[in-house]
2 protein chains.
Amino acid sequence: MPDEPTLHNQPPARKQQQRSIVTQQKLLDAAVEAFSENGFKGTSTRDIAERAGVHHPLITYHFKNKDQLWRAAADYVFGTFTESLSNALDEYKEQDPKQRMSALIHTYVKYARAQPALHKVMVQEASYPNARLDWLIERHLKPIFTVTFGMLEKLQQLGVAVPGNPALLFNMIRLSSGGLLALGNELKASSGIDIDDPKTLNEISEMIVRVFLPGKMPARRPDSAN
Amino acid sequence: MPDEPTLHNQPPARKQQQRSIVTQQKLLDAAVEAFSENGFKGTSTRDIAERAGVHHPLITYHFKNKDQLWRAAADYVFGTFTESLSNALDEYKEQDPKQRMSALIHTYVKYARAQPALHKVMVQEASYPNARLDWLIERHLKPIFTVTFGMLEKLQQLGVAVPGNPALLFNMIRLSSGGLLALGNELKASSGIDIDDPKTLNEISEMIVRVFLPGKMPARRPDSAN
DNA sequence: CCCTTTTGGTCCACTTTGGAAAAAAATTGA
DNA sequence: TCAATTTTTTTCCAAAGTGGACCAAAAGGG
């Protein structure tokens with residue numbers, strides 16, 4: 001994604017320099033961190049630049065303004081996330097639906113640990129009606145949701161996933177993974193859960209599967225794959 | 001709680017006036033809303049005063065400073081919440097453990113709908129290590145957690161709650177209710193879930209019970225109550 | 001009707017805000 | 001090598017916002 005200039009849509013007469021890419025990436029990382037901690041309003045561009053170790057006018061240069069920077073940061077987080085999901089799906093495409101969904105959940109948990117902003121940003125933006133929220137939903141959430149949604153419905157029909165409104169089911173799974181990991185600092189102090197321990201991550205995804213997908217896959221009929 | 005002056009610990013020579021109580025309450029409501037939307041850092045006292053429809057120096061008068069106001073607001077939200085929980089527990093004290101836990105979950109969902117700040121504030125404060133977070137955990141979270149925690153362990157022994165780390169179990173329940181409702185604005189647009197519909201709330205708490213407490217209570221032996 | 005509590009209005013000293021502008025430096029491609 | 005271009009540095013701005021102090025006016029209590 002950051003291969004070509006983020007801003008200039010005119011044909012670049014000369015190719016982008018390496019240091020520019022580095023700067024953009026530093027700014028994106030810093031932006032993700034800052035926005036997820038303090039929300040859009042609560043974050044200043046200077047704060048972001050400082051975290052990135054970069055002079056603040058570079059934000060204007062690379063991303064035009066605060067709003068565009070936010071969008072670029074969201075694209076970065078959710079784009080990478082979507083990629084992880086579809087990689088997992090690809091890797092397990094030969095497996096049965098339950099294993100595929102388990103792989104998705106496991107990927108979700110791992111990603112949410114590495115990038116808690118995934119959930120924090122949602123909570124921040126969902127706080128009040130908001131153009132950024134709408135943009136985020138249309139651009140990133142819906143595509144993920146509809147796919148996962150369909151998989152869950154099928155699992156319900158197979159008697160693997162618990163019955164009930166699949167939309168609710170999906171969002172509960174989502175919160176039990178992403179939402180849980182977003183509370184990192186709190187969980188250790190309040191419940192003794194250490195999300196830095198890799199065992200904990202496994203425990204989490206296994207529990208999610210056990211709870212939300214309690215059924216066994218019916219014996220596979222040799223003709224029908226999915 | 002707001003019966004006596006929030007600030008002055010000296011004996012009040014004269015009792016607090018009614019309008020003062022009203023002002024404090026307006027400020028508390030506004031503070032909860034603002035803090036949950038924009039976090040501590042992202043919220044200005046002037047913003048709070050404006051939402052409350054009150055002149056901003058009144059914050060200094062009633063709560064001394066921004067930090068004290070935040071704590072008073074947290075006390076208000078979590079105090080009321082704890083009260084709701086123990087009322088529910090009280091109301092169902094004759095019932096079996098599963099019904100009691102179901103009542104707790106239902107109360108949680110209802111409260112989280114009325115006061116989404118319950119979860120939002122946690123996400124905000126858990127974003128980075130933080131004195132307010134520690135204060136909140138010690139003062140409000142731990143008491144609730146230890147009680148609920150014990151109930152869950154018992155339900156696991158009875159084969160009602162799903163097995164596994166009870167701390168994880170507890171937090172997943174917590175996120176499937178409070179965390180879910182904190183996303184209100186998003187859920188409608190992304191998944192078609194309308195949390196303003198009372199039916200939805202019932203659906204949520206019922207699904208949580210079905211998922212996390214799938215077992216039936218064993219036939220009650222006449223001698224042992226709990 | 002006096003005295004306390006509460007509020008309104010004003011002021012302050014200071015920081016922070018997002019962004020503009022232009023000069024300087026680094027890199028590219030020929 | 002060197003001119004054109006990209007990227008960074010430095011400086012500046014006007015505006016708004018910051019938490020909080022202060023005091024006179026108003027309201028309410030006893």
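Here is how names work: the chains are called A, B, and so on, in the same order as the sequence lines, proteins then strands, and each is numbered from 1.
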Notebook entry, point to check: Considering only D/dG30, D/dA27, D/dT8, which nucleotide approaches the side chain of A/Leu58 most closely?
Noted result: D/dT8
Next item on the list: Would you indicate, yes or no, if D/dG19 has its OP1 or OP2 atom less than 4.0 angstrom from a side-chain nitrogen or oxygen of B/His56?
Entry: no
Notebook entry, point to check: Does a side-chain N or O from A/Ser20 land closer than 4.0 Å to OP1 or OP2 of D/dT8, or not?
Noted result: no
Item checked: Whole-Å gap separating P (C/dT7) and CD1 (B/Ile21) -> 11 Å
Checklist line | Under-4.0 Å salt bridge between A/Asp47 and B/Lys41 | finding: yes
Item checked: A/Ser36 side chain near A/Gln124 side chain, heavy-atom distance below 4.5 Å -> no
Checklist line | D/dT8 OP1/OP2 closer than 4.0 Å to side-chain N/O of A/His62 | finding: yes
Checklist line | Presence of salt bridge, A/Glu186 and B/Arg132, under 4.0 angstrom | finding: no
Notebook entry, point to check: Above 12 or not: heavy atoms from other molecules or residues under 6.0 Å from OH of A/Tyr92?
Noted result: no
Next item on the list: Would you verify whether the NZ or CZ of B/Arg139 falls within 45 degrees of the ring axis of B/Phe78 while also being under 6.0 Å from that six-membered ring's centre?
Entry: no
Notebook entry, point to check: Please give, in whole Å, the distance from C/dT6 P to B/Gln24 CD?
Noted result: 8 Å
Item checked: Nearest-Å distance for atom pair CD/P, residues A/Gln17 and D/dT7 -> 5 Å
Next item on the list: Could you label the plane-to-plane angle of the A/Tyr108 and A/Phe81 rings as parallel, tilted or perpendicular, counting under 30° as parallel and over 60° as perpendicular?
Entry: tilted
Checklist line | Length of the line joining A/Glu50:CD and C/dG18:C1', which is rounded to integer Å | finding: 16 Å
Note to self: If you count heavy atoms of other groups shown closer than 6.0 angstrom to CD of B/Glu50, is the number above 12?
What the structure shows: no
Next item on the list: Answer yes or no: does a side-chain N or O of B/Thr23 lie under 4.0 Å from OP1 or OP2 of C/dT7?
Entry: yes
Next item on the list: Please tell me which of the listed nucleotides, C/dT6, D/dG20, C/dT27, lies nearest to the side chain of A/Arg19?
Entry: C/dT27
Next item on the list: With the side chain of A/Pro57 defined as its heavy atoms from C-beta on, choose the nearest nucleotide among C/dA26, C/dT5, D/dT9.
Entry: D/dT9
Please produce a list of atom pairs where a protein N or O lies less than 3.5 Å from an N or O of nucleotides 13-17 of chain C.
residue, atom, partner, partner atom, Å
C/dT17, OP1, A/Ser44, OG, 2.9
C/dT17, OP2, A/Ser44, OG, 3.3

